[in-house]
Amino acid sequence: GAVVSQHPSWVICKSGTSVKIECRSLDFQATTMFWYRQFPKQSLMLMATSNEGSKATYEQGVEKDKFLINHASLTLSTLTVTSAHPEDSSFYICSASGTAIYNEQFFGPGTRLTVL
Amino acid sequence: QKEVEQDPGPLSVPEGAIVSLNCTYSNSAFQYFMWYRQYSRKGPELLMYTYSSGNKEDGRFTAQVDKSSKYISLFIRDSQPSDSATYLCAIFGNQFYFGTGTSLTVIP
């Protein structure tokens, strides 16, 4: 199957700082990338959907100015958590979808963010 | 009504048991059906996908789709402790919809 990587896998930062998380599709072109947030023992919560070269579409309740998403190429999307606070601590997972027939989503391994 | 409904469990079974995981969906136009497995603190990994009604088998895993009932299932035969994870169903119509996930524990 297709491979999606995320970097970093774990990040700890101070409150008020910004953190950038990268999501890369390694062996296919991702026309669409998704960003999810997951709290312990809960399911995935879709934050936003981004298509290469266009602005991301955010889900209701997700602050666009706080969670900046850039999808500059067909293999890279970034999520920047701006002015992070402890309540932003979570597991952030990206996924990518190409033009495969079955429209599968391939998930990255996730990034655990801890804001002190 | 949610697009996809999944019993969150948790589900606990002895090693070797047959496990049945299920989801229902609301829109008969949905076409692609997927099952993901997620280990603790890891991203979900795609287990199986199906397009049409019927069964699809891959080793100990069988995915079943009943479009008339809008019901999808994942069966795990001869369950192993390594199968302990959360299983998410996902459906693609014009966008992706995920179930809430079912937590499975296989007891040795």
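Just so it is clear: chains get the letters A, B, ... in the order the sequence lines come, proteins before strands, and each one is counted from 1.
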Are [X] and [Y] in one and the same hydrophobic cluster, where Ile, Leu, Val, Met, Phe, Trp and Tyr link if side-chain heavy atoms are under 4.5 Å apart?
X: A:I21; Y: A:I69; result: yes
X: B:L88; Y: A:F91; result: yes
X: A:M45; Y: A:L68; result: no
X: A:M33; Y: A:L46; result: no

Q | Student check: side-chain heavy atoms of B:F96 and A:S97 closer than 4.5 Å | A | yes
Q | Residues of residues 36-43 of chain B within contact distance of chain A, non-hydrogen under 4.5 Å | A |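 B:Y36, B:Q38, B:R41, B:K42, B:G43 fall under the 4.5 Å cut-off.
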Q) Side chain, backbone, both or neither: which part of A:Q38 has a non-hydrogen atom closer than 4.5 Å to chain B? A)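 Side chain only.
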Q: State whether the number of non-hydrogen atoms from other residues, nucleotides or ligands found under 6.0 Å of A:K64 atom NZ is greater than 12.
A: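 No.
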Q.
Taking NE2 in A:H85 as the centre, count heavy atoms belonging to other residues, nucleotides or ligands within less than 6.0 Å. Is the count above 12?
A.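 Yes, NE2 of A:H85 has more than 12 neighbouring heavy atoms, counting only those of other groups under 6.0 Å.
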Q. Looking at residues at least two apart in the chain, or sitting in another chain, which of them share a ring pair (Phe, Tyr, Trp, His ring centres under 6.0 Å) with A:Y36?
A.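 In terms of ring pair (Phe, Tyr, Trp, His ring centres under 6.0 Å), with neighbours along the sequence ignored, A:Y36 is linked to A:F107, B:F98.
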